[in-house]
Amino acid sequence: MTDSTHEPIATRNLDQYGSAELPWSRPRDILAADTPKADLTFFVATVRPDGRPHSAGVGAVWVDDALYFVSGPGTRKSRNLAVNPACTVSVRLRGVDLVLEGSAHRVTEAADLEKLAEVYRSGGWPATVTDEGFTAPFTAPSAGPPPWHVYRLTLHTAIGVATAEPHGATRWDFAH
């Protein structure tokens, strides 16, 4: 998979109480450790063709310093991403609320899909690769029929607000 080393090119402290900047390694390491096994709920926000926002839960995993998520091809979020790949993904991690901003594009390479399917299987979802996507005996009730698309988020910006010590709020900017 591409872009396996992805460090911020700029960091900005957003904390109004004097706490130090949070290191990017804090949310990144939690994502790496907790997906796909922890009970995390990710929400992707996309833009409808008429400019209105849309938000929906997705199954997501962090692999090789990138976030991947699954969506049915007929869902509103997939249809939105086909027109405008700009999106955000939000999640509450252990001790950090995190918003990832960027653009999402389909993953269609068989080797990449196989690697991601293995990660999802390790978390209990029996995904298999078919027709440039995933299939499984079950998925979200609103996902529509398989095969389901897999997306990779190209990270532009992340904002983290610590909910546990050490506290702080930080914005990280990434090359894209």
Side-chain angles (χ1 to χ4, degrees), residues 1-48 51-71 75-78 80-107 109 112-113 115-116 119-120 122-123 125 140 149-176:
M1 296 204 222
T2 59
D3 299 330
S4 62
T5 57
H6 203 81
E7 292 299 316
I9 59 169
T11 303
R12 189 169 120 208
N13 191 341
L14 303 176
D15 189 86
Q16 65 181 344
Y17 300 110
S19 297
E21 288 180 352
L22 302 172
W24 170 241
S25 60
R26 183 172 172 184
R28 182 201 62 213
D29 293 351
I30 295 169
L31 284 165
D34 287 2
T35 64
K37 295 181 176 141
D39 185 19
L40 297 174
T41 302
F42 292 83
F43 290 91
V44 63
T46 59
V47 181
R48 296 173 194 257
R52 292 181 300 131
H54 176 266
S55 183
V58 293
V61 294
W62 186 262
V63 177
D64 294 338
D65 277 342
L67 188 82
Y68 297 85
F69 61 90
V70 177
S71 178
T75 63
R76 169 49 53 200
K77 62 188 164 295
S78 286
N80 291 347
L81 291 170
V83 175
N84 179 355
C87 65
T88 63
V89 180
S90 304
V91 62
R92 171 167 270 183
L93 301 172
R94 288 179 287 119
V96 180
D97 291 343
L98 185 65
V99 177
L100 305 169
E101 300 176 355
S103 56
H105 300 279
R106 282 197 55 207
V107 176
E109 292 295 322
D112 293 342
L113 290 169
K115 182 175 183 175
L116 293 166
V119 173
Y120 277 102
S122 75
W125 187 48
H149 293 171
V150 179
Y151 294 89
R152 180 186 191 278
L153 180 68
T154 299
L155 194 54
H156 300 178
T157 303
I159 298 172
V161 177
T163 59
E165 291 289 340
H167 289 286
T170 302
R171 173 188 168 123
W172 302 278
D173 294 314
F174 298 86
H176 55 275

*asked:* Does V70 form a side chain to side chain contact (heavy atoms under 4.5 Å, CB included) with W125? I'd like the steps, not just the answer.
replied: CA-CA 12 Å; V70 177; W125 187 48; 4.2 Å; yes
_Run L153 and V89 through side chain to side chain contact (heavy atoms under 4.5 Å, CB included) and show every step you take._
CA-CA 9 Å; L153 180 68; V89 180; 4.2 Å; yes
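Under the ring pair (Phe, Tyr, Trp, His ring centres under 6.0 Å) criterion, H176 pairs with H156, not counting sequence neighbours.
Going from atom CG of L155 over to atom CH2 of W24 covers 5.5 Å, rounded to the nearest 0.5 Å. Annotation: the span from L31 atom CG to D65 atom CG amounts to 9.5 Å, rounded to 0.5 Å. Taken from CG in L116 to CZ in F69, the straight-line distance is 12.5 Å, to the nearest 0.5 Å. With values rounded to the nearest 0.5 angstrom, D173 atom CG is found 8.5 Å from I159 atom CD1. The distance from the CD1 atom of I9 to the CH2 atom of W172 is 15.0 Å, given to the nearest 0.5 Å. Between T154 atom OG1 and L67 atom CG the span is 11.0 Å, to the nearest 0.5 Å.
Ionic pairing of D64 and K115 is present here: one or more N-O contacts between side-chain nitrogen and carboxylate oxygen are shorter than 4.0 angstrom.
Side-chain atoms of Y151 and P85, non-hydrogen and from C-beta on, never get closer than 4.5 Å to each other. Here the side chains of T46 and N84 are not in contact, with every heavy-atom distance at 4.5 Å or above. Within the 4.5 Å cutoff, the side chain of R28 has heavy atoms near those of the E7 side chain. For the pair V119 and Y68, the minimum side-chain heavy-atom distance is 4.5 Å or more.
By the neighbour-count criterion of 12 heavy atoms within 6.0 Å, atom CZ of R48 is densely surrounded, having more than that number from other residues, nucleotides or ligands.
For the pair T157 (side chain) and E101 (backbone), a donor-acceptor distance under 3.5 Å is absent. No side-chain donor-acceptor contact under 3.5 Å links W62 to the backbone of D29. One N or O on the side chain of Y120 and one on the backbone of G59 form a donor-acceptor pair closer than 3.5 Å.
The minimum heavy-atom distance linking R26 with P166 is given by the pair NH1-O, 2.6 Å. Closest heavy-atom contact between V107 and D112: CG1-CB, 3.7 Å. The two residues C87 and V44 come nearest to each other via the heavy atoms CB-CG2, 4.0 Å. S19 approaches G168 most closely through the heavy-atom pair CB-CA, 3.8 Å. The two residues F174 and P8 come nearest to each other via the heavy atoms CE2-N, 3.5 Å. Taking every heavy atom of both residues into account, V61 and P36 meet most closely at CG1-CB, 3.6 Å.
Each of T170, D15, L14 was scored for a side chain to side chain contact (heavy atoms under 4.5 Å, CB included) with E21, with one residue passing: T170.
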